[in-house]
J.: 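Could you have a look at this structure, given as structure tokens, before my questions?
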There are 2 protein chains.
Amino acid sequence: MTKMEDFQMIERGFVQTQAILVALGDENRQSIIVSLLKAGCDGLRVGQLTEQTHLSRPAVSHHLKILKEAQLVSIRKDGTKHYYAVRPSKNFAIMQQTAAIIERLAEENESK
Amino acid sequence: MTKMEDFQMIERGFVQTQAILVALGDENRQSIIVSLLKAGCDGLRVGQLTEQTHLSRPAVSHHLKILKEAQLVSIRKDGTKHYYAVRPSKNFAIMQQTAAIIERLAEENESK
DNA sequence: TTCCTCCGTTGAAACATTTAAACCTTTTCG
DNA sequence: CGAAAAGGTTTAAATGTTTCAACGGAGGAA
């Protein structure tokens, strides 16, 4: 892999993962993610998340929207009940890959 | 690794990587990182970054401060000249590790 | 239909972030 | 010494984010 290719990977990686980075950078959304993961495959509803976090219902709804747009969570609807769960996103893998490339380049810098 | 341990890893990972996530979530700071990586081990000065990005000098200075606090860049001072470079951070590895655990748990959810 | 539950959305206020102009500090050079 | 060069800091304005209260809509039960 040439440096040129590395930089292109990083630039594309940044574009594709920006929404995830912003979404996961917020403490409240981190709490929501952890709650959802603990709940497992059944997921949780907005009301249940409101209980488990110290957030109001509209706030939970707002943060879920951001997580949804970052494609980190999915919804399953059963009547009026909306179950949210963390879902695997290919952008998640891209984030790891991008981070790995940056780390490698940074280490090359250090050793010279 | 038990689920309990997974959740603990994620929670600690979130705390340790929050600054990085926020720092890398911003488009301007992403540009700065890319410019610095392209510059290699010598690094770049504030003035040079001002030319390469469409940011003013105080703006560059501001974003560098955030990147510095997230321990993503280092400074090397030579007289009045300050050279910034991307440096390897152990939090970078933690970010990848945390992402990997979440991804795995999300995939387990999906398959049930 | 009517009521109730569960969520989403809107609008406004509170709060945080980002930016540029002006100013200050430190170092170097004449 | 004084002037210039390179960056950092402060302040205030613009912008963006987060929050809650109030409202609206859709589905289920009687």
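Just so we're on the same page: letters track the sequence lines, and every chain starts at 1.
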J.: Expressed as a whole number of angstroms, how long is the span from B:Tyr84:OH to D:dA6:C1'?
T.: 11 Å
J.: Atom CD of B:Glu27 and atom C1' of D:dT15: how far apart are they, to the nearest Å?
T.: 15 Å
J.: Indicate whether OP1 or OP2 belonging to C:dT17 is found under 4.0 Å from a side-chain N or O atom of B:Asn28.
T.: no
J.: Nearest-Å distance, CD (A:Gln48) to C1' (C:dC7)?
T.: 13 Å
J.: Quick one: is B:Tyr83 getting a side-chain N or O under 4.0 Å of the D:dG7 phosphate, OP1 or OP2?
T.: no
J.: With a 4.0 Å cutoff (strictly under), does any side-chain N or O of B:His82 reach OP1 or OP2 of D:dG7?
T.: no
J.: Determine whether a donor-acceptor pair (N or O, by modelled atom type, separation under 3.5 Å) exists between the side chain of A:Thr17 and the backbone of A:Ile20.
T.: no
J.: Counting the atoms with a prime plus P, OP1 and OP2 as sugar-phosphate, which does B:Leu64 contact under 4.0 Å by heavy atoms, base, sugar-phosphate, or nothing?
T.: nothing
J.: For D:dT19 and A:His63 - does any side-chain N or O of the residue sit under 4.0 Å from the phosphate oxygens OP1/OP2?
T.: yes
J.: Looking at the side chain of A:Arg29, which of D:dC20, D:dT18, C:dC7 is the nearest nucleotide?
T.: D:dT18
J.: Answer with base, sugar-phosphate or nothing: what part of the nucleic acid does A:Leu49 contact at a heavy-atom distance below 4.0 Å?
T.: nothing
J.: Rounded off to whole Å, could you give me the CG-to-P distance for the B:Leu55 and C:dT18 pair?
T.: 11 Å
J.: Send over the distance from B:Glu51 CD to D:dG7 P, rounded to a whole Å.
T.: 10 Å
J.: Backbone N or O of A:Arg57 within a donor-acceptor pair of the A:Ser61 side chain at under 3.5 Å?
T.: no
J.: Heavy-atom distance under 4.5 Å between the side chains of A:Leu72 and A:Arg29, does that happen here?
T.: no
J.: Please tell me if A:Ser56 has a side-chain N or O lying less than 4.0 Å from either OP1 or OP2 of D:dT19.
T.: no
J.: Quick check for you: among D:dC23, D:dC20, C:dT18, whose closest atom lies nearest to any side-chain atom of A:Ala59?
T.: D:dC20
J.: Expressed in angstrom and rounded to an integer, what is the separation of B:His62 atom NE2 from C:dA21 atom P?
T.: 16 Å
J.: Please tell me if B:Thr80 has a side-chain N or O lying less than 4.0 Å from either OP1 or OP2 of C:dT26.
T.: no
J.: If you define the side chain from C-beta out and look only at heavy atoms, does anything of A:His54 sit under 4.5 Å from A:Asn28?
T.: yes
J.: Map A:Lys65 and A:Lys81 onto DNA chain C by nearest heavy atom, then report which one ends up closer to the 5' terminus.
T.: A:Lys81
J.: Looking at every heavy atom in both B:Ala23 and B:Ala70, which two are closest together, and how far apart are they?
T.: CB-CB, 4.0 Å
J.: Could you give the NZ-to-P distance, from A:Lys68 to C:dT9, as a whole number of Å?
T.: 6 Å
J.: Over how many whole Å does the gap from B:Ile75 atom CD1 to C:dT26 atom P extend?
T.: 16 Å
J.: Does the side chain of B:Arg45 get closer than 4.0 angstrom to OP1 or OP2 of D:dG7 through an N or O atom?
T.: yes
